[in-house]
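Everything on this sheet refers to the single structure shown next.
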Amino acid sequence: MSGTSFKRALSWFVGVGLLAILCDQAIKQWILQGFRAEGPVISIVLAYNKGVAFSMLEFLGPWLKYLQALLIVGMAIMLLSQRAFFMQTYLPFGLILGAGSSNLLDRFVHGHVVDYVYWHYKFDFAVFNLADVLIDVGVGLLLLDALKQSLSKRKLK
């Protein structure tokens, strides 16, 4: 693997991460300024989450943001130290770390994560935000890649 391709991958990783942060924070500012919408399936509301998914770990209080910061930095260090793995996964991890950083930014600026998408068709679902969706997309891309690799190995046998 050449240094140029690593630099290109690193640029995409950083760019995707920054785009995730910028888009998520722009929408959150719009919501914080009062935008709301009521729909038959999805509504745009303002909700604060002091925990992680489904308010888990809320009991950690202000320590949660430091734990999350440690996890994000640790994951970035681990990822960048494994060049071959990084070259395979830079886009999904750019989404995951960028979106996670956006939610972390909320914790430091607002004391909680700003959520706004409320699904209420046939069942009530947790309120979430774009960063949460981007994290899910990143994880989904990693799972698809792992499945693809597994199927390729089976064909070779």
Once you round to the nearest 0.5 Å, how far does [atom1] of [X] lie from [atom2] of [Y]?
X      : Y      : atom1 : atom2 : answer
Tyr66  : Gln68  : OH    : CD    : 12.5 Å
Ser102 : Leu18  : OG    : CG    : 11.0 Å
Leu79  : Ile96  : CG    : CD1   : 9.5 Å
Asp106 : Tyr48  : CG    : OH    : 10.5 Å
Lys65  : His112 : NZ    : NE2   : 11.0 Å

Inset, instruction - Using a cut-off of 6.0 Å, state whether more than 12 heavy atoms not belonging to Tyr121 lie near its atom OH. - result: no
Inset, instruction - Flag yes if more than 12 heavy atoms outside Met75 fall under 6.0 Å of its CE atom; otherwise flag no. - result: no
Are [Y] and [X] linked, directly or through intermediate hydrophobic residues, by side-chain heavy-atom contacts shorter than 4.5 Å (ILVMFWY only)?
X      : Y      : value
Phe123 : Tyr118 : no
Ile72  : Val109 : no
Val133 : Val127 : no
Leu22  : Ile135 : no
Val114 : Phe128 : yes

Legend entry - Name of the residue among Ile27, Val45, Leu32, Leu46 meeting side chain to side chain contact (heavy atoms under 4.5 Å, CB included) with Tyr116: Ile27
Legend entry - Reference residue Leu141; test side chain to side chain contact (heavy atoms under 4.5 Å, CB included); the match among Leu91, Thr89, Leu95, Asp136: Leu95
Looking at [X] and [Y], would you say the former's side chain and the latter's main chain have a donor-acceptor pair under 3.5 Å?
X      : Y      : answer
Asn103 : Val113 : no
Asp24  : Ala131 : yes
His110 : Leu105 : no
Ser101 : Leu97  : yes

Inset, instruction - Measure up the Phe35 and Trp30 rings against each other and bin them: parallel (under 30°), tilted (30 to 60°), perpendicular (over 60°). - result: parallel
Inset, instruction - On the 0 to 90° scale, with breaks at 30° and 60°, tag the Phe86-Tyr90 ring pair as parallel, tilted or perpendicular. - result: tilted
Inset, instruction - Indicate the atoms forming the closest heavy-atom contact of Met87 with Ser5, along with that distance. - result: CE-O, 3.5 Å
Legend entry - Test log, rule side chain to side chain contact (heavy atoms under 4.5 Å, CB included), inputs Asp132 and Asp115: CA-CA 9 Å; Asp132 300 333; Asp115 286 332; 3.6 Å; yes
Legend entry - Candidate pair Phe93 and Leu142, rule side chain to side chain contact (heavy atoms under 4.5 Å, CB included), full reasoning: CA-CA 8 Å; Phe93 274 112; Leu142 290 172; 3.7 Å; yes
Inset, instruction - Please assess Ile44 against Glu38 for the test side chain to side chain contact (heavy atoms under 4.5 Å, CB included), listing each intermediate value before the final yes or no. - result: CA-CA 6 Å; Ile44 303 301; Glu38 189 72 34; over 6 Å; no
